[in-house]
Amino acid sequence: MGEFWPVADALTYLAGIWRTERAVRDLATGEEGEFSGTTAFGRLEDGGLLSRESGVFVWQGVPRPAERTLRFLPGGTPGTADVRFSDGRPFHDLDLTSGHHIADHPCAADLYRGEFSVLNADHWRTVWRVGGPAKDLLLTTDYTREPTGDHAGGTPDE
């Protein structure tokens with residue numbers, strides 16, 4: 001896409017409810033699945049956000065409920081965040097000041113490499129490439145802001 005939308009304050013940008021659509025592809029077998037649901041970023045008392053993703057994951061034609069909770073804590077500067085699993089373990093850093101960021105997360109012998117792209121005020125995307133002896137996956141997720149979401153983002157210059 002080439003054009004990224006800089007974000008002055010990552011947590012303000014993310015706050016609210018996002019429609020979440022994810023394509024999952026097993027690169028070793030060619031099998032594909034999809035997730036459809038929402039991700040709600042609600043405020044935490046410490047100034048961070050609690051991200052609650054919920055929806056349905058379909059794999060090999062079988063739909064299953066799926067959910068995930070992450071914590072987005074304030075980073076060192078407003079455009080950044082420290083992303084953690086729900087139990088507090090570190091997941092990855094996030095810097096949206098340029099509208100584009102790459103983060104790595106080693107998990108046992110596998111490596112998760114995430115590419116984050118902010119496309120505009122109401123749309124961002126993640127592409128996670130998971131490689132190693134246990135996994136060979138590509139996960140592409142599009143987030144589109146719900147019109148009823150709590151959007152306080154504003155322009156990238158704020």
Checklist outcome for this item: Taken in chain and number order and not counting sequence neighbours, the residues that satisfy salt bridge (charged side-chain N to carboxylate O under 4.0 Å, His left out) with Asp46 are none
Item to check | Non-neighbouring partners of Asp95 that pass salt bridge (charged side-chain N to carboxylate O under 4.0 Å, His left out), sequence neighbours left out | outcome: none
Checklist entry - Which residues satisfy the side chain to side chain donor-acceptor pair (under 3.5 Å) test with Arg71, sequence neighbours excluded? => result none
Checklist outcome for this item: Nearest heavy-atom contact between Ala10 and Gly79 is CB-O, 3.4 Å
Next on the checklist: Please determine whether residues Leu138 and Val130 belong to a single hydrophobic cluster, defined as Ile, Leu, Val, Met, Phe, Trp and Tyr linked transitively by side-chain heavy-atom distances below 4.5 Å.
Outcome noted: no
Checklist outcome for this item: To the nearest 0.5 Å, atom OG of Ser86 lies from atom CZ of Arg52 at 10.0 Å
Checklist entry - Are the side chains of Val24 and Trp59 in touch, meaning some heavy atoms are under 4.5 Å apart? => result yes
Next on the checklist: Give me each pair satisfying salt bridge (Lys or Arg N to Asp or Glu O under 4.0 Å) with a member in residues 110-121, each pair once, sequence neighbours excluded.
Outcome noted: Asp104-Arg113
Next on the checklist: Would you say the ring centers of His92 and Phe116 fall short of 6.0 Å from each other?
Outcome noted: yes
Item to check | Point-to-point distance, once rounded to the nearest 0.5 Å, from CD1 of Ile17 to OG1 of Thr38 | outcome: 7.0 Å
Next on the checklist: Would Lys135 and Tyr112 count as a side chain to side chain contact (heavy atoms under 4.5 Å, CB included) here? Give the steps.
Outcome noted: CA-CA 10 Å; Lys135 297 176 184 164; Tyr112 286 65; 2.7 Å; yes
Checklist entry - So how far is it from Leu137 CG to Thr29 OG1, rounded to the nearest 0.5 Å? => result 8.5 Å
Item to check | Nearest atoms (heavy-atom pairs only) where Thr141 meets Thr20 | outcome: CG2-CG2, 3.6 Å
Checklist entry - Can you name the closest pair of heavy atoms from Leu94 and Phe72 and give their distance? => result CD2-CE2, 3.9 Å
Item to check | Residue pair Val118 / Pro6, side-chain heavy-atom distance below 4.5 Å | outcome: no
Next on the checklist: Using the rule given for side chain to side chain contact (heavy atoms under 4.5 Å, CB included), can you reason through Leu119 versus Trp5, listing the C-alpha separation, both sets of side-chain angles and the distance that settles it, and then say yes or no?
Outcome noted: CA-CA 5 Å; Leu119 306 174; Trp5 201 72; over 6 Å; no
Next on the checklist: As a quick check of understanding, evaluate side-chain hydrogen bond (donor to acceptor under 3.5 Å, both in side chains) for Ser36 and Arg19, giving each step before the final call.
Outcome noted: CA-CA 8 Å; Ser36 182; Arg19 182 82 191 134; 2.7 Å; yes
Checklist outcome for this item: To the nearest 0.5 Å, atom CG of Asp122 lies from atom CD of Glu146 at 10.5 Å
Item to check | ILVMFWY network linking Trp124 to Leu139, side-chain heavy atoms under 4.5 angstrom | outcome: yes
Next on the checklist: For a quick check under 3.5 Å, do Thr39 and Arg68 share a side-chain donor-acceptor pair by atom type?
Outcome noted: no
Item to check | Check against side chain to side chain contact (heavy atoms under 4.5 Å, CB included), Tyr143 and Arg22 | outcome: CA-CA 9 Å; Tyr143 299 87; Arg22 177 175 302 120; 3.7 Å; yes
Item to check | Stacked cation flag Arg145 on Tyr13, 6.0 angstrom / 45 deg | outcome: yes
Checklist entry - Phe91 and Val127: same hydrophobic cluster, using ILVMFWY side-chain contacts below 4.5 Å? => result no
Item to check | Cluster link Leu70 to Phe35, ILVMFWY, side chain under 4.5 Å | outcome: yes
Checklist entry - Residues two or more places apart in sequence or in another chain: which of them pass side chain to side chain contact (heavy atoms under 4.5 Å, CB included) with Ser98? => result His100
Checklist entry - Once you round to the nearest 0.5 Å, how far does CD of Gln60 lie from CG of Asp26? => result 9.5 Å
Next on the checklist: Checking Trp128 against Thr140 for the side chain to side chain contact (heavy atoms under 4.5 Å, CB included) test, could you report, in this order, the C-alpha distance in whole Å, the side-chain angles of both residues, the deciding distance, and whether it holds?
Outcome noted: CA-CA 6 Å; Trp128 283 96; Thr140 303; over 6 Å; no
Checklist entry - Do you know which two heavy atoms are closest between Pro90 and Phe85, and how far apart they sit? => result O-CE1, 3.6 Å
Checklist outcome for this item: All heavy atoms of Leu73 vs all of Leu44, minimum pair found to be CD2-CD1, 4.2 Å
Checklist entry - Which atoms form the tightest heavy-atom contact between Phe41 and Ser51, and what is the distance? => result CE2-CB, 3.6 Å
Next on the checklist: Side chains of Leu111 and Arg129, heavy atoms from C-beta outward: is any pair under 4.5 Å?
Outcome noted: no
Checklist entry - So, are Arg125 and Glu21 salt-bridged, with charged N and O less than 4.0 Å apart? => result no
Item to check | Nearest-0.5 Å distance that lies between atom CG in Leu96 and atom CG in Leu14 | outcome: 6.0 Å
Checklist entry - Going through the checks in order, is the salt bridge (Lys or Arg N to Asp or Glu O under 4.0 Å) test met by Arg25 and Glu34? => result CA-CA 9 Å; Arg25 190 163 160 229; Glu34 61 185 33; over 6 Å; no
Checklist outcome for this item: Taken in chain and number order and not counting sequence neighbours, the residues that satisfy salt bridge (charged side-chain N to carboxylate O under 4.0 Å, His left out) with Glu31 are none
